[in-house]
Peer 1: 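One structure coming up, written as structure tokens, with questions to follow.
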Amino acid sequence: MSQHYAVWLTSLALMACVASGFIFVALNSGRREENYAPLAKHAYRLRTKLFWVLVLVFGSAMIYTLRDLPYDAVSRDMNNAGPPQVVAATGYQWRWELSHDRVAKGQPVEFRVTSADVNHGFGIYDTEMHLVAQTQAMPGYTNVIRHTFDKEGTYKVLCLEYCGVAHHNMVAEFQVSDL
Ligand code: CUA
């Protein structure tokens, strides 16, 4: 059975369910209920059950989806590939200081990014000037990003946050190669 056909059958069945629900309500709407107390009790019990079903469904859905946060995926990646190469990066008005200007291709690199003065934006661009990773450079904080470079070449670090008159001068370079 083709997938389209299965989808079509399923939606047909669901539509039939909804339609029969409407018909049931329409047929029974004329009848008057004399004693509401047992009906109300039944409804409350149903509501409590529904509440716990929703807690169970959404609770487990939340746990299931939170397991796959990107941060987790990154750290698993790191564990497989061995210890990262560490590059300390500091932003100044108006330049970048990198502890290394050469990293190895195909191995994770950990950038520890901070600022000596104001907020800067730390953006890494590949040889085609596509942004491959970024974080904020903030005074008093060290933000960590990890990236594995798969292509050799000269990469650029640009400032992504306006930080004064020479903001555009904040360009640094580093090489990615087989070390
Ligand atoms: Cu530093 Cu803009």
Side-chain angles (χ1 to χ4, degrees), residues 2-4 6-8 10-11 14 47 50-179:
S2 85
Q3 221 172 16
H4 285 248
V7 169
W8 167 240
T10 310
S11 33
L14 287 175
R47 193 172 66 176
L50 188 67
F51 171 76
W52 286 113
V53 166
L54 286 181
V55 166
L56 207 73
V57 167
F58 281 95
S60 41
M62 194 176 71
I63 291 165
Y64 180 75
T65 49
L66 284 183
R67 275 186 340 169
D68 276 339
L69 268 186
Y71 299 123
D72 193 38
V74 165
S75 66
R76 254 186 284 135
D77 217 37
M78 302 289 298
N79 292 338
N80 291 341
Q85 316 164 74
V86 175
V87 176
T90 308
Y92 297 86
Q93 283 171 309
W94 290 276
R95 66 196 164 85
W96 291 109
E97 217 172 78
L98 304 179
S99 63
H100 298 76
D101 59 1
R102 199 165 274 276
V103 297
K105 186 182 86 170
Q107 286 172 37
V109 183
E110 181 173 301
F111 292 90
R112 297 180 184 164
V113 182
T114 188
S115 168
D117 37 50
V118 300
N119 267 14
H120 300 278
F122 181 85
I124 301 172
Y125 288 82
D126 68 8
T127 49
E128 274 109 53
M129 287 309 279
H130 293 140
L131 185 68
V132 295
Q134 65 97 25
T135 188
Q136 263 202 314
M138 302 153 78
Y141 291 90
T142 300
N143 289 321
V144 174
I145 45 170
R146 289 165 183 155
H147 189 76
T148 302
F149 297 93
D150 296 322
K151 273 191 302 177
E152 289 185 32
T154 304
Y155 286 67
K156 282 191 166 68
V157 174
L158 267 61
C159 186
L160 298 180
E161 187 170 329
Y162 184 72
C163 55
V165 288
H167 154 75
H168 59 277
N169 279 352
M170 292 189 65
V171 183
E173 283 184 359
F174 64 91
Q175 302 292 325
V176 174
S177 59
D178 289 311
L179 284 185

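Everything quoted here is computed from the prediction, not taken from an experiment. All ligand and atom numbering here is 1-based and tracks the order in the structure.
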Peer 1: How long is the gap from CZ on R102 to CD on Q85, to the nearest 0.5 Å?
Peer 2: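 Result: 12.0 Å between the selected atoms.
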Peer 1: SD (M170) to atom 1 (Cu) of ligand 1 to ND1 (H120): angle, nearest 10 degrees?
Peer 2: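 The SD/ND1 angle about atom 1 (Cu) of ligand 1 sits at 90°.
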Peer 1: Among the N/O/S atoms of H167, which is closest to atom 2 (Cu) of ligand 1? Give the atom name.
Peer 2: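 In H167, the heteroatom (N, O or S) nearest atom 2 (Cu) of ligand 1 is ND1.
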Peer 1: Tell me which N, O or S atom of E161 sits nearest to atom 2 (Cu) of ligand 1.
Peer 2: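 For E161, the N/O/S atom sitting closest to atom 2 (Cu) of ligand 1 is O.
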Peer 1: Of all heavy-atom pairs between G153 and T127, which one has the smallest distance, and what is that distance?
Peer 2: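 In this case the closest contact between G153 and T127 is CA-CG2, 3.8 Å.
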Peer 1: Decide yes or no on side-chain contact (heavy atoms from CB on, under 4.5 Å) for L54 and W52, but give the supporting numbers first.
Peer 2: CA-CA 5 Å; L54 286 181; W52 286 113; over 6 Å; no
Peer 1: Test side-chain contact (heavy atoms from CB on, under 4.5 Å) on I124 and H147; report intermediate values, then the result.
Peer 2: CA-CA 10 Å; I124 301 172; H147 189 76; 5.6 Å; no
